[in-house]
Amino acid sequence: MKIPFTKMHGLGNSYIFINVFDYAIKEEYLHDLAIAVADKDFGIGSDGLILIHPTDIADVGMRIFNNDGSEGKNCGNGLRCVAKFAYENNLVKKKQFTIETKAGNVVAEVHGDRTLINEVTVNMGKPHLLRETIPMEGAKGETVIAEPFTIGTEHLAVTTVSMGNPHAVFFVDEINEAPLTTLGPLIEKDARFPEGVNVEFIEKVNDKEIHFRVWERGSGVTQACGTGACASVVASVLNEKLAKGQEITVHLAGGDLYITWDEEDIVWMRGKAETTIEGIFYWEQNN
Ligand SMILES: N[C@H](CCC[C@H](N)C(=O)O)C(=O)O
């Protein structure tokens, strides 16, 4: 198969985008194709695959697959790239439009012109806070804020937030000492999270800035995670480390995102989206 693709990233969180308005891919190929394109040696190299697809319930649709082939329900960095791609390629006519995700529709607004969109704002909707909506094992109807969480020999405190996908947020004193690669994979697959979980470590800098590192469900360490940045600001407010209604600068490994959890409970994400490669992926699927 000769598959046309565009590689894009949000703060270094990169995906291979396929515009399935023009090029259909069989459903049964998607898991293996996500693994294939993400492979840096035998494929292109990315954190996963994103399909940009037609939909009759929004202006454009997004499906995201991690580099292990698993399908995610939402992707903040992916949404900004989809919005950029859709506007620059005339898939949408207006600068503000809706994008369908597996977690529901969001509203994106692009900044720039048809020749170059460099920044996008997304209304990410309201976070889901009840334990059963994460999902996390335990008593229903509770919000999980700084709950004792033992993993291996480590005794931590977890705050959980869903942005349509699950996030476990932990606060550390020094971000560079966050146990990202030791505890990240253990927490990701812990039985208390029946659908797995994205794992974020946060260090508060001041009342308007946090440092952020992430071990993503299905992709491991990435440069950035948009839904994770949203979840981390919500978790910081829940833990009374930050205030609602403030635009927070989230310093991720790959750059900065600007997140606001407003007084109407809506989470706003603003940040860059960039294109790096357009090409053809030659792939012989094994199935
Ligand atoms: N690993 C995530 C999907 C990608 C999210 C991330 N790249 C973002 O920008 O939000 C999950 O399985 O829920």
Side-chain angles (χ1 to χ4, degrees), residues 7-17 30-31 34-35 37-38 45-52 61-85 99-104 106 108 119-125 127-128 133-136 160-169 180 184-185 187-190 193-202 212-235 250-259 267-274:
K7 182 173 180 178
M8 305 176 79
H9 70 88
L11 310 182
N13 181 209
S14 68
Y15 292 91
I16 304 307
F17 291 76
L30 294 173
H31 172 274
I35 294 170
V37 299
S46 73
D47 294 319
L49 166 70
I50 287 182
L51 305 185
I52 301 172
M62 175 187 79
R63 288 181 70 184
I64 179 241
F65 296 80
N66 296 303
N67 65 24
D68 69 352
S70 63
E71 183 167 9
K73 290 185 178 170
N74 203 358
C75 181
N77 289 315
L79 281 167
R80 298 197 315 279
C81 292
V82 166
K84 170 185 171 72
F85 184 97
I99 304 176
E100 176 195 345
T101 77
K102 289 280 188 185
V106 298
E119 186 177 79
V120 181
T121 300
V122 184
N123 172 337
M124 296 293 284
H128 308 283
T133 67
I134 301 303
M136 183 181 185
T160 59
V161 177
S162 170
M163 294 304 297
N165 61 348
H167 296 273
V169 181
L180 200 55
I187 298 167
E188 175 197 359
K189 304 280 188 195
D190 188 273
F193 298 104
E195 295 178 11
V197 73
N198 299 284
V199 186
E200 284 88 14
F201 295 94
I202 305 302
F212 169 103
R213 293 294 181 272
V214 63
W215 175 277
E216 283 201 32
R217 176 180 67 172
S219 288
V221 175
T222 62
Q223 290 289 318
C225 178
T227 52
C230 294
S232 298
V233 168
V234 171
V250 181
H251 299 297
L252 304 95
D256 293 347
L257 277 177
Y258 306 95
I259 308 291
V267 180
W268 298 88
M269 171 186 64
R270 176 171 64 86
K272 293 168 69 176
E274 297 172 72

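Each ligand, and each atom within it, is numbered from 1 in the order the structure gives.
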Applying salt bridge (Lys or Arg N to Asp or Glu O under 4.0 Å), name anything that partners Glu274, two or more places apart in sequence or on another chain. Lys272
Heavy-atom donor-acceptor pair, Arg217 side chain to Glu195 backbone, under 3.5 Å: yes
Do Ser219 side-chain atoms and Asp47 backbone N/O form a donor-acceptor pair below 3.5 Å? yes
Filter on salt bridge (charged side-chain N to carboxylate O under 4.0 Å, His left out), then keep only pairs touching residues 65-79, sequence neighbours left out; what's left? Arg63-Glu71
Taking all heavy atoms of Cys230 and all of Met269, pick out the closest pair and write down the distance. SG-CB, 4.1 Å
With Gln223 via side chain to side chain donor-acceptor pair (under 3.5 Å) - residues at least two apart: none
Which parts of the protein, at residue level, reach under 4.0 Å of ligand 1 through a heavy atom? Asn13, Tyr15, Ile64, Asn66, Asn74, Cys75, Gly76, Asn77, Asn165, Asn198, Glu216, Arg217, Cys225, Gly226, Thr227
